[in-house]
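Data block below; observations after.
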Amino acid sequence: MNTILTIILLLIGAGLSIKAQSLTLGITGLNRTGYSGSRQVLIPKFDPAMGTLTSISVSYSVEYSGTIGGYGTSTANTANGWSTEFSGVIRLSGAGFGNLDYSLYNSRSGLIYQDRSPVFESFGPTSITSSGTFTQNMSGYVGSGNATATLAWPSFKADLFFSRSGVKTIATRDLGAIGGQVTYNYIPIPEADSSAVMGGFALISAAAYQVWYRQRSAR
């Protein structure tokens, strides 16, 4: 009967089709609004009935814009150089992937020649993307509904410099998100391959007949 047992074990392995799969879901974007603190991002969860998670990948695109301005204070008909800098870090934070940082930087420069000549520069809307993959702390992404992440602007700098003298007015900025996607990599619940199972029954029947025939002939 060892022959039959071996065949059965081989067929069990062949009859179960287990291949790693992935499921990609969209993450909703956020309209750009005047920056006033952190904003919530909703990430669709993974249905555990589909299988066992092995890793999760998150990709998200943010969008920012802003303005900075002022005016020069110098002697008339004298060149007064100016330069602007708009920089910082936007951050998406969530369980598992930690922090996805988006570094931003814009700068411009020019010359003015009259006292109180205005300088006004706008930046954006500019989009940037960040992504990450993780294999730990995935339980919060399993189930129904959404997992939450936080979009914030922890570091920001807006400056206006003059080579001679000038005044900088208050900068403005706004923050939003184009959207993104989450990819769940998982091992699905095994499903029997019907063709392999049917073939297995035929092999087992043949093997059983051979054993019976040998035992009968040995009598």
ask   = Given a cutoff of under 4.5 Å between side-chain heavy atoms of I, L, V, M, F, W and Y, with clusters grown through shared members, what are the other residues clustered with V167?
value = Y71

ask   = Are L25 and I178 linked, directly or through other ILVMFWY residues, by side chains that come within less than 4.5 angstrom of each other?
value = no

inquiry  = Restricting to non-hydrogen atoms, name the atom on A158 and the atom on I68 that form the minimum distance, rounded to 0.1 Å.
reply    = C-CD1, 3.4 Å

ask   = Do K45 and V142 touch side chain to side chain, with heavy atoms closer than 4.5 Å?
value = no

message = Measuring only between side-chain heavy atoms, which start at C-beta, is Y184 closer than 4.5 Å to T24?
response = no

task = Count the heavy atoms of every other residue, nucleotide or ligand shown that sit under 6.0 Å from CD of Q114, and state whether that count exceeds 12.
result = yes

task = Return the minimal non-hydrogen interatomic distance between S61 and T129, and the atom names on each side.
result = OG-OG1, 2.5 Å

remark   = Taken to the nearest 0.5 Å, the spacing of S38 OG from L175 CG works out to 10.5 Å

task = Return yes if a side-chain donor-acceptor contact under 3.5 Å exists between T183 and S57, otherwise no.
result = no

query = Applying the 4.5 Å side-chain criterion to the ILVMFWY set and letting contacts propagate, would L160 and Y113 be lumped into a single cluster?
reply = no

Stepwise side chain to side chain contact (heavy atoms under 4.5 Å, CB included) check, V62 with I90 = CA-CA 8 Å; V62 303; I90 298 171; 4.1 Å; yes

query = Does the pair D174 and Y35 meet the rule for a side chain to side chain contact (heavy atoms under 4.5 Å, CB included), with working shown?
reply = CA-CA 5 Å; D174 58 38; Y35 181 75; 5.6 Å; no

query = With a cut-off of under 6.0 Å to the ring centre and 45° to the axis, is R173 in cation-pi contact with W153?
reply = yes

Atom pair CD (Q21) and OH (Y186), whose distance is rounded to the nearest 0.5 Å = 4.0 Å

key: Over all atoms of both residues, closest heavy-atom pair of A49 and I189   = O-CD1, 3.1 Å

inquiry  = Quick check on the hydrophobic clustering: are V89 and L151 connected, directly or via other members, by side-chain heavy-atom contacts under 4.5 Å?
reply    = no

ask   = Is any side-chain heavy atom of I27 closer than 4.5 Å to a side-chain heavy atom of V58?
value = yes

inquiry  = Could you check whether T78 and R164, counting side-chain N and O atoms only, form a donor-acceptor pair closer than 3.5 Å?
reply    = no

query = How about V119 and F162: do any of their side-chain heavy atoms sit closer than 4.5 Å?
reply = yes

message = Would you say the rings of F134 and Y141 are close, in the sense that their centroids are separated by under 6.0 Å?
response = yes

ask   = Would you find a donor on one side and an acceptor on the other, under 3.5 Å apart, between the side chain of T172 and the backbone of T67?
value = yes

key: Shortest non-hydrogen contact from G29 toward Y60   = CA-OH, 3.9 Å

request  = Could you grab the distance from atom CD1 of I187 to atom NZ of K19, nearest 0.5 Å is fine?
outcome  = 12.0 Å

query = Measuring from S87:OG to N106:CG, what's the distance to the nearest 0.5 Å?
reply = 9.0 Å

message = Please determine whether residues F46 and M138 belong to a single hydrophobic cluster, defined as Ile, Leu, Val, Met, Phe, Trp and Tyr linked transitively by side-chain heavy-atom distances below 4.5 Å.
response = yes

inquiry  = With a 6.0 Å cut-off on the ring centroids, do F86 and Y105 count as close?
reply    = no

inquiry  = If we ignore hydrogens and angles and just use 3.5 Å, is the side chain of S130 paired with the main-chain N or O of L100 as donor and acceptor?
reply    = no

ask   = Of all heavy-atom pairs between I112 and P118, which one has the smallest distance, and what is that distance?
value = CG2-O, 4.4 Å

message = Name the residue from D101, N99, T150 that meets the side chain to side chain donor-acceptor pair (under 3.5 Å) definition with S93.
response = N99

ask   = Side chains of T33 and R39: closer than 4.5 Å at any heavy-atom pair?
value = yes

inquiry  = Between N185 and T54, do the side chains contain a donor N or O and an acceptor N or O under 3.5 Å apart?
reply    = no

ask   = Where do G94 and A149 come nearest, in terms of heavy atoms and distance?
value = CA-CB, 4.4 Å

inquiry  = Please say yes or no: joined through hydrophobic side-chain contacts below 4.5 Å, possibly via intermediate residues, are L53 and V182 part of one cluster?
reply    = yes

message = Quick one, I56 and T133 - any side-chain contact, counting heavy atoms below 4.5 Å?
response = no

Side-chain donor or acceptor of S163 paired with backbone N/O of G81 under 3.5 Å = yes

request  = Mind jotting down which residue pairs meet the salt bridge (Lys or Arg N to Asp or Glu O under 4.0 Å) criterion with at least one end in residues 111-128? Sequence neighbours excluded, please.
outcome  = R108-E121

Any donor-acceptor N or O pair under 3.5 Å, side chains S131, S59 = no

query = Within a strict 4.5 Å, meaning less than it, do heavy atoms of the R32 and S65 side chains meet?
reply = yes

Pairwise salt bridge (Lys or Arg N to Asp or Glu O under 4.0 Å) hits with a residue in residues 149-162, at least two apart = E85-K157, K157-D159, D159-K168

Test item: L42 and T148 side chains (from C-beta on) under 4.5 Å apart, heavy atoms = yes

message = Between Y64 and F123, is the ring centroid distance below 6.0 Å?
response = no

